[in-house]
Structures are given as C-alpha cells and as structure tokens.
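Just below is one structure, and these are the notes that go with it.
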Protein chains: 2
Amino acid sequence: MRESETDEIRGLTIFADMDDAAFARLCRAAYVQTFPPQVELFAEGEPSDFLHILVAGQVELCAHWNGRETIMEIVRPVSSFILAATIRDAPFLMSARTVEKSRLVLLPSQDVRDVFDTDGAFARALVRELAGCYRGVVKSSKNLKLRSGIERLANYLIRQQDLAGGAPSFVLPVEKRKIAALLGMTPENFSRALRLLGEYGVANDGMTITIADRKSLVRLAKPTRMIDDPEV
Amino acid sequence: MRESETDEIRGLTIFADMDDAAFARLCRAAYVQTFPPQVELFAEGEPSDFLHILVAGQVELCAHWNGRETIMEIVRPVSSFILAATIRDAPFLMSARTVEKSRLVLLPSQDVRDVFDTDGAFARALVRELAGCYRGVVKSSKNLKLRSGIERLANYLIRQQDLAGGAPSFVLPVEKRKIAALLGMTPENFSRALRLLGEYGVANDGMTITIADRKSLVRLAKPTRMIDDPEV
DNA sequence: CGCATACTTGAAATAAGTCAAGAAAAGTGG
DNA sequence: CCACTTTTCTTGACTTATTTCAAGTATGCG
C-alpha cells in the first residue's frame, strides 16, 4: 500500500492515536482494491481473512436463510466493517456486496490481532469501535421489535434528512428496494408506507424525498436517543 | 469482595488469563449483591457505572418505546452483561430486571477500562467477549428478519433441547410470555404457534416440552450455524 | 381456599406478504 | 441519440400472518 493510500485511512478513529510504527506494521501487508458495482466481496460462512475498510463507494451487508435474503446494514465511507469476525477469527455472519463502484482497504486479520496486542492505543480504539458496532445492532434490533413498518420508515426518513444536512428535500442514498430490505419490509409494503406518509407531509418524486411538515412526521415517528441517535 | 466470592468469577473467560494483580485491582472496589425476583437493576438511559456479572439466578434485558416493551436477551449465569456500555462509558440501551432471585458481581466501569489498558490478557479476552456479543445480536437480528414466528419458535425449542442435554422432554427456562417477547411475538401468537408445532411432534404440558419427532421439527426449523450455533 | 397472574382459545381487526400487471426509470447496444 | 431491454417502482386485489380484544381455564402463591 502506497503512502497516499495509507493517508486515506490514517485519520480513522481506530487508527488515530496509535503509534506510527504499529500503523506501518498494519499497512505492510495491506492492500487497496477497487471493485465494480454489484460484486460480492465475501459470503456468509467464509473465513474472515481481512478486516475491510470502505474508503469510497457503498457496500451492503446482507444475510440469507432458506432462500430469503435481507440487508443488515449499508456501509458508507470511511468505515471499517466485519470487525467482530476479524477479532474472533470466525466465519462471516453476513455477505458483503458492492452497491456502487467502491474502493476498499484490506488489512490481514492476523495483523490486526497482532497489533492489538502490541499497541495499547489501537487496542483501546478498536474495543471502543466494536462496542459502538454492538450498540448499533442493538438499536437496530429495538427498531425492528418495537416499531411497525411505517414507524421504521418515518424514523429512517428523519435520520436521512439530518444526514443530508436538514434541508426539506434530499435524495435517498440507495434504491428503495434496498431500504425496504434494510427496514425489514417488502418493496411493495415500502411503497405503500411511503404513500401513507403523504398524510404527514412527506412527498416523494423518484429518489427525492421532501418533508414539508417535519413536526408532523416526528409526532408519528417518535424518534428517541436510545434507538435513533448514532452518537449514543 | 471476599475471596470466596472472587473465586466465583475468576474462572470466567474474560478473567481467565489475566494477571493476579490486575484481577485483584478489578475486585478491589467490586461488590456482590443478591437481589429478589422482579427487581429492576437499571433502566435504559442511565449511566453505566458498573459492569454486571450474573453469578446465580436469571436476568432479563428489555427495551421500551412508545409504551411497548420487548425482551432483548435473557442472561443466565455465569456471564457478564452490558459490556459495551461500560467500555464506551455510554448510557444503557436496555433495562435489566431480575427474573428470579439473583446474585450479581458489580465491577466499577472505570476500573474495567483502566485494567483494560494495563493488562494485555484482559484486553484480549474482553475484546473477544465483546465480539462474541456483537455476533450474538447479529444472529438474533437475522433470526428476526429472515424467519416467521413459528420458525423462530421451532428453532428456539431445538436449541433449548440441546441446552437441556438432548432428552426428548425438557422444561422451559422462563415463563412463556417472556419467551414470546424474546422471540418477537405476542403471548397469544406464541400459544397458537406452539399448538401448531403439534403437527411436528411437539407436545406441551405446562412448562414441559416434549419433542417426539425431532427430525420433523428440524425439517421445519432448518437451523443453521450462521444463526443458531452459539459457538460460531 | 381465594386471589392474582399466566396461559389458552375464539372472533375480529390490522399489518404485512404475495401475485400480477402496468408505469417509470435505468441500462444496453447499434 | 435512439430503440430496445431490463429492472425498479407502483398499484390493485387477494392471501396469509400477526395483533388485539375478550373470555374462560389453568396455575401458582400467600
């Protein structure tokens, strides 16, 4: 990996405070690769030989059972994913597929575990990151168990509006069918739910959503820090 | 905490390989407490001042939103819980309540973080444990999104039979209503689903389940390592 | 024994999924 | 750039799954 490439990930919170030498050790056998859209990076059940870091593009993590498929998470840059599998040297619980053209840094899992043992700052950052991931899944699970489809959608839209800077109109980051799968609903059900949100001031033109009356939408969605705040 | 008490948790995987001095440091300000059944140990949103370890009894972790409640996990001894909140020094995402009379060891979160920084073996064990927790929630989330209620119940029963040693008859570890909440269904729906499983050789007398035809049940449940194996 | 609570069952309502078809959008190749 | 293909999105009609409400039964506890 060249220096221009290592720079792209040096700023990541998991590397921020670590020693230069330890970082260099991590990068030694790392490599960068660009993938076209719709490419499977790895599948559920395979050994987790590399910690993946998404530098550019978009990746979906999905899961399968009995012929059914669902999307567990959509990863956006710059962030690492499948950290837990790397740490436990366990098979992937999810498959990963590029949504668009994406650039990834791959760090050998063995190196990650080795450097964890030698660099305290990295160990601290890594366990913090993993704890954050854990809490993310717990929140997503609460979202699924405590809310109906339309409530999940309403909260999703509020979150996306915030991520997009808060303007009334914003563009959805991925296909609707993928958002539907992420929220645990069918595309048809998603489409109908979106139409029902018209009652709450949500308009929808292609991939563009306009929230005319955010207060009304919030009254329905009832977002809470304990589910919807990524900082908590 | 007395020595007889520290012995109860010394064998836990997260403490197994650590230094005696570091373990002593952890136990210095720790204390043991016994709680009656149905006591709330802490609530969602409170600061996580202690890492909790369940030594005896049973504890449920639940979550609330908009007047609804669900059970996220039922903790059985001996295991730690809410590790992620401790590590991030963040508020609890779940509430905890004793199901039966329970004995807990409470380790000050600050001490856990401090010892993490000084004892490499503890750091390693802790990050491994947390990664295991993460994977547990991912599996539970896959279970919820990919399976119907009756499929979740069928897999739950198979798992419980294994935990109970594999005999055809075994006793459910908690009230049915709690299992229902854990599986993301209503008590009524749970009751009906259990009756439907009669078609697959499952009989039900009070809290005792008898699986007459495990093969038939497995054909329905289709358990998979990537969801149902706690070792993976 | 009597009370409170959990469990079960039925009937009805609601939520969500399936199937099918048309409209819109995106991608392909000449 | 345009026809053509493919895929996504939407909508309607219908089926299935799940929840809710209500009542009765069983169970456990003081």
Side-chain angles (χ1 to χ4, degrees), chain A residues 36-39 58 60 65-71 74 97-101 143-154 156-157 171-199 202-209 220, chain B residues 36-38 58 60 65-71 74 97 99-101 143-154 156-157 171-199 202-209 220:
Chain A
Q38 303 300 335
V39 166
Q58 218 166 177
E60 62 181 12
W65 181 76
N66 194 27
R68 299 169 208 168
E69 165 168 341
T70 189
I71 297 180
I74 293 174
R97 189 192 300 140
T98 57
V99 174
E100 46 189 63
K101 187 180 170 195
N143 193 34
L144 279 171
K145 291 184 81 172
L146 293 167
R147 289 174 173 160
S148 68
I150 196 168
E151 288 165 343
R152 295 197 292 275
L153 176 56
Y156 177 84
L157 294 178
V171 177
L172 294 172
V174 279
E175 285 176 331
K176 289 178 181 175
R177 55 182 11 256
K178 289 192 193 295
I179 300 172
L182 186 68
L183 298 178
M185 50 211 291
T186 58
E188 294 95 327
N189 194 16
F190 178 92
S191 195
R192 279 186 263 269
L194 195 50
R195 198 152 73 128
L196 281 175
L197 288 183
E199 304 287 321
V202 176
N204 147 41
D205 175 30
M207 293 293 274
T208 304
I209 300 291
L220 171 71
Chain B
Q38 303 300 333
Q58 216 166 178
E60 63 182 13
W65 180 76
N66 196 27
R68 299 169 209 167
E69 166 168 339
T70 190
I71 297 180
I74 293 175
R97 189 193 299 139
V99 174
E100 46 189 62
K101 186 181 170 195
N143 194 33
L144 279 171
K145 292 184 82 172
L146 292 167
R147 288 173 173 161
S148 67
I150 195 167
E151 288 165 343
R152 294 197 293 275
L153 176 56
Y156 177 84
L157 294 179
V171 178
L172 295 172
V174 280
E175 284 176 329
K176 290 177 181 173
R177 54 181 13 254
K178 290 192 193 294
I179 300 173
L182 187 68
L183 298 178
M185 51 211 292
T186 57
E188 294 94 327
N189 195 18
F190 178 92
S191 194
R192 279 186 264 267
L194 195 50
R195 197 153 73 128
L196 281 175
L197 288 184
E199 304 286 320
V202 175
N204 147 42
D205 174 31
M207 294 291 275
T208 303
I209 300 290
L220 170 72

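Order of the sequence lines sets the chain letters (A, B, ...), proteins ahead of strands, with each chain counted from 1. From a predicted model like this one, the values you see are computed outputs, not experimental measurements.
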Practice task
Output yes when a side-chain donor or acceptor of A:Thr98 lies under 3.5 Å from a complementary backbone atom of A:Lys101, and no otherwise.
Solution key: no
Practice task
Would you please confirm or rule out a distance under 4.0 Å between OP1 or OP2 of D:dT18 and any side-chain N or O of B:Thr186?
Solution key: no
Problem - Pair B:Lys145 + A:Glu69, salt bridge at N-O below 4.0 Å - result: no
Completion exercise
Which of A:Gln38, A:Glu60, A:Gln58 passes side chain to side chain donor-acceptor pair (under 3.5 Å) with A:Arg97? Answer is A:Glu60
Problem - Donor-acceptor contact present, side-chain B:Thr208 to main-chain B:Val171, <3.5 Å - result: no
Problem - B:Ile74 and B:Ile71: CA distance, side-chain angles, deciding distance, side-chain contact (heavy atoms from CB on, under 4.5 Å) verdict - result: CA-CA 8 Å; B:Ile74 293 175; B:Ile71 297 180; 4.0 Å; yes
Problem - Backbone of A:Gly206 reached by a side-chain donor or acceptor of A:Lys176 within 3.5 Å - result: yes
Exercise for the section: Grab the CZ-P distance between B:Arg192 and D:dC21 for me, whole Å please. Expected result: 13 Å
Problem - Which residue lies more 5' along DNA chain C, comparing A:Arg152 with A:Asp205 via nearest heavy atoms - result: A:Arg152
Fill in the blank from the handout: B:Leu144 atom CG is separated from D:dT18 atom C1', nearest whole Å, by 14 Å
Practice task
Please state how far atom CG in B:Leu197 lies from atom C1' in D:dA17, giving the value in whole angstrom units.
Solution key: 15 Å
Exercise for the section: Using a cut-off of 6.0 Å, state whether more than 12 heavy atoms not belonging to A:Glu199 lie near its atom CD. Expected result: no
Contact list (N/O, under 3.5 angstrom) for nucleotides 6-10 of chain D vs protein:
from, atom 1, to, atom 2, distance (Å)
D:dC9, OP1, A:Lys176, N, 2.9
D:dC9, OP2, A:Arg177, N, 3.0
D:dT10, OP1, A:Lys176, NZ, 2.8
D:dT10, OP1, A:Asn204, ND2, 3.3
D:dT10, OP2, A:Ser191, OG, 3.1
D:dT10, O5', A:Ser191, OG, 3.1

Problem - Short side-chain to backbone donor-acceptor contact, B:Arg147 and B:Arg152, under 3.5 Å - result: no
Practice task
Please find the earliest and latest nucleotides of DNA chain C, in the 5' to 3' direction, that have an atom within less than 4.0 Å of any heavy atom of chain A.
Solution key: C:dA16 to C:dC19
